[in-house]
Number of protein chains: 2
Amino acid sequence: MEKERSTEARIFEAASAVFHEKGYAGARMQEIADRAGINKAMLHYYYRNKDKLFEGVFRTARLQVLGPILDVIGADLPLPVKMERAVHTYIDQLVAHPEVPAFVLQELRRHPDRVRRFIDEEVQLLFQGLARQIREADRRAEIRPVPPEHVVVNLIGLCVFPFVGRPVIQAVLGLDEEGFEAFIQERKQTVTTFIHNALGL
Amino acid sequence: MEKERSTEARIFEAASAVFHEKGYAGARMQEIADRAGINKAMLHYYYRNKDKLFEGVFRTARLQVLGPILDVIGADLPLPVKMERAVHTYIDQLVAHPEVPAFVLQELRRHPDRVRRFIDEEVQLLFQGLARQIREADRRAEIRPVPPEHVVVNLIGLCVFPFVGRPVIQAVLGLDEEGFEAFIQERKQTVTTFIHNALGL
DNA sequence: GTCTATACTCGGATAGAC
DNA sequence: GTCTATCCGAGTATAGAC
């Protein structure tokens, strides 16, 4: 109910929270209105309908989950450094938006038509560039022989999975919220080492 | 509409498919009825309501996603062999039920109360056992020093992530359905090697 | 711009005939 | 056991006053 930000911004933040938590199908306009501290009718005044509101939230989520990591992947860095930076950057990014990956993956799964817009030409090329860099390192015998596509998927998966599987991981390891936080912070180091060792760097 | 299996079984299969695809909130009783080739009213005759039907599907999903892998983790095997078997078994298991992990993780995220039942004492102990085995191997200097909990999460994540992130991975790597299948089959080997190398086995 | 009241649709659930 | 018809609550969206 903060009077600071504009109504529109408050709606958007509330909508983000609710969509992230419940997904499109589970989200209720009423709950969004409540969290924004305004009336249901206002939602339709600013954003015509649920779809439009969702569209905005999803577009933002894309940046939150793809933004910084792409810069690192596209940067001109030697492989070992790039790997380390990628892991650190990506985990930091995900800590800032812990619920976004599960949300995004869920919605992409239900709307295959969105996938092309989500992973556009540019994004695809960036990842292909990383794969090529790995292949090059392999050719020069700087790393163990290894299929580059798998390394790319492993890199992303090792960073993202704990956030998508959070409840299960917390239960298995017996971690409370702050225990999980700490675990994630450790991963910046352990995942980097894991990958470096796997590649023989 | 196969006349073979009983109506009850057909309903359950249809319900599984729809719940897996759409999640609880997105699933429609009408669609389940259609796929089962029967009337909506029949759903309520066999399973009292949507919740009860979901409960059954979810319980089965738990076994589909936890079953075989737990046997391997609990088995009395040397670490390198156990890791290899775990990866192979788990990926085979997930190929048989590709949509289940995303479904389960999504629903657990929305119903934190279910988590305890999902990861019960027994499951927790099995994973702790694996962690202990890794810690032992570390103590005996059979592997590189490494936090066991992270290895456990990495093992599971490397197997599960491709299925949860499937649409994104297909788009990034430019794979069609059978290309993805092949990629997954490759992973049984590449992930095993990745982990072995990471641990210095 | 913000509210209240209300229209309308969708979907889960039940009644009751066969 | 299986169907048709129908009820009813929930949830999105709009009308209209202030």
Side-chain angles (χ1 to χ4, degrees), chain A residues 1-61 99 103 106-107 109-111 113-114, chain B residues 1-61 99 103 106-107 109-111 113-114:
Chain A
M1 266 270 223
E2 329 89 73
K3 282 187 116 79
E4 312 307 325
R5 283 180 299 291
S6 70
T7 302
E8 183 167 1
R10 293 220 315 282
I11 291 175
F12 191 80
E13 288 162 28
S16 297
V18 175
F19 279 128
H20 290 172
E21 267 182 43
K22 315 281 178 79
Y24 180 86
R28 295 291 166 257
M29 296 296 267
Q30 184 61 60
E31 185 176 356
I32 295 174
D34 291 347
R35 288 213 212 179
I38 49 107
N39 192 281
K40 243 192 338 176
M42 294 301 289
L43 299 180
H44 293 86
Y45 177 78
Y46 282 98
Y47 303 83
R48 273 184 54 74
N49 54 38
K50 190 179 175 181
D51 278 43
K52 295 267 192 305
L53 186 46
F54 175 83
E55 194 54 43
V57 170
F58 189 78
R59 198 187 310 276
T60 300
E99 0 60 43
F103 165 67
Q106 175 189 161
E107 298 303 336
R109 171 171 301 275
R110 307 221 194 306
H111 302 282
D113 47 301
R114 285 184 193 277
Chain B
M1 263 273 219
E2 329 89 74
K3 280 187 119 78
E4 312 307 325
R5 282 179 299 291
S6 71
T7 301
E8 183 167 0
R10 292 221 316 280
I11 291 176
F12 190 79
E13 286 160 30
S16 297
V18 174
F19 279 128
H20 291 172
E21 265 182 44
K22 314 281 178 78
Y24 180 86
R28 296 290 167 258
M29 295 296 268
Q30 184 62 58
E31 186 176 356
I32 295 174
D34 290 348
R35 288 214 210 178
I38 48 108
N39 192 280
K40 239 192 341 173
M42 294 302 289
L43 300 180
H44 293 87
Y45 177 78
Y46 283 98
Y47 303 83
R48 272 181 55 72
N49 54 38
K50 191 179 176 181
D51 278 43
K52 295 269 191 303
L53 186 47
F54 175 82
E55 194 55 42
V57 171
F58 189 78
R59 198 188 309 277
T60 300
E99 359 62 42
F103 164 68
Q106 175 190 161
E107 298 303 335
R109 170 170 303 273
R110 306 219 195 309
H111 302 283
D113 47 302
R114 284 184 194 278

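So that the names make sense, note that chain A is the first sequence line, chain B the second, and so on, each numbered from 1. Quick caveat, the model's predicted, so the values are computed rather than measured.
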Return the value, rounded to whole Å, for the distance between atom CD1 of Ile38(B) and atom P of dT2(D).
8 Å
Please report, rounded to the nearest Å, how far the P atom of dA13(C) is from the OH atom of Tyr46(B).
18 Å
Terminal axes of the helix from dG1(C)-dC18(D) to dC18(C)-dG1(D) (five pairs each): angle between them, nearest 10 degrees
10°
OP1 or OP2 of dG1(D) versus the side-chain N and O atoms of Thr7(B): is any pair under 4.0 Å?
no
Write down the distance between CZ (Phe19(B)) and P (dG11(C)), rounded to a whole number of angstrom.
14 Å
Quick one: Glu31(B) CD to dG12(C) C1', roughly how many Å, whole number?
15 Å
Rounded to the nearest 0.5 Å, what's the gap from NE2 on His111(A) to CD on Gln106(A)? Could you check?
9.0 Å
Show the numbers, then the answer: is there a salt bridge (Lys or Arg N to Asp or Glu O under 4.0 Å) between Glu99(B) and Lys22(B)?
CA-CA 10 Å; Glu99(B) 359 62 42; Lys22(B) 314 281 178 78; over 6 Å; no
For the residue pair Ala36(A) and Ile11(A), what are the closest heavy atoms and their distance?
CB-CA, 4.0 Å
Take the protein atom CD1 of Ile32(B) and the nucleotide atom P of dG11(C), then report the distance between them rounded to whole Å.
12 Å
Tyr45(A) OH to dT4(C) P: how many Å, rounded?
17 Å
What does the list of N/O pairs under 3.5 Å between the protein and nucleotides 12-16 of chain D look like, with a distance for each?
from, atom 1, to, atom 2, distance (Å)
dT12(D), OP1, Ala27(A), O, 3.4
dT12(D), OP1, Lys50(A), NZ, 3.4
dT12(D), OP2, Met29(A), N, 3.1
dA13(D), OP2, His44(A), NE2, 3.2
dA13(D), OP2, Lys50(A), N, 2.9

Partner set under side-chain contact (heavy atoms from CB on, under 4.5 Å) for Ala9(B), not counting sequence neighbours:
Arg5(B), Ser6(B), Glu13(B)
Mind jotting down which residue pairs meet the salt bridge (Lys or Arg N to Asp or Glu O under 4.0 Å) criterion with at least one end in residues 36-50 of chain A? Sequence neighbours excluded, please.
none
Kindly compute the distance separating CD1 (Ile38(A)) from OH (Tyr46(A)), expressed to the nearest 0.5 Å.
8.5 Å
For Asn39(B), all residues meeting side-chain contact (heavy atoms from CB on, under 4.5 Å), sequence neighbours excluded:
Ala41(B), Met42(B)
Hey, could you give me each pair passing ring pair (Phe, Tyr, Trp, His ring centres under 6.0 Å) that has a residue in residues 18-38 of chain A? Not counting sequence neighbours.
Phe19(A)-Phe54(A), His20(A)-Phe103(A), Tyr24(A)-Phe54(A)
Minimal non-hydrogen separation, Arg110(A) against Gly23(B), with atom names:
NH2-N, 3.9 Å
In whole Å, what is the span from the CD atom of Glu8(B) to the P atom of dG1(D)?
9 Å
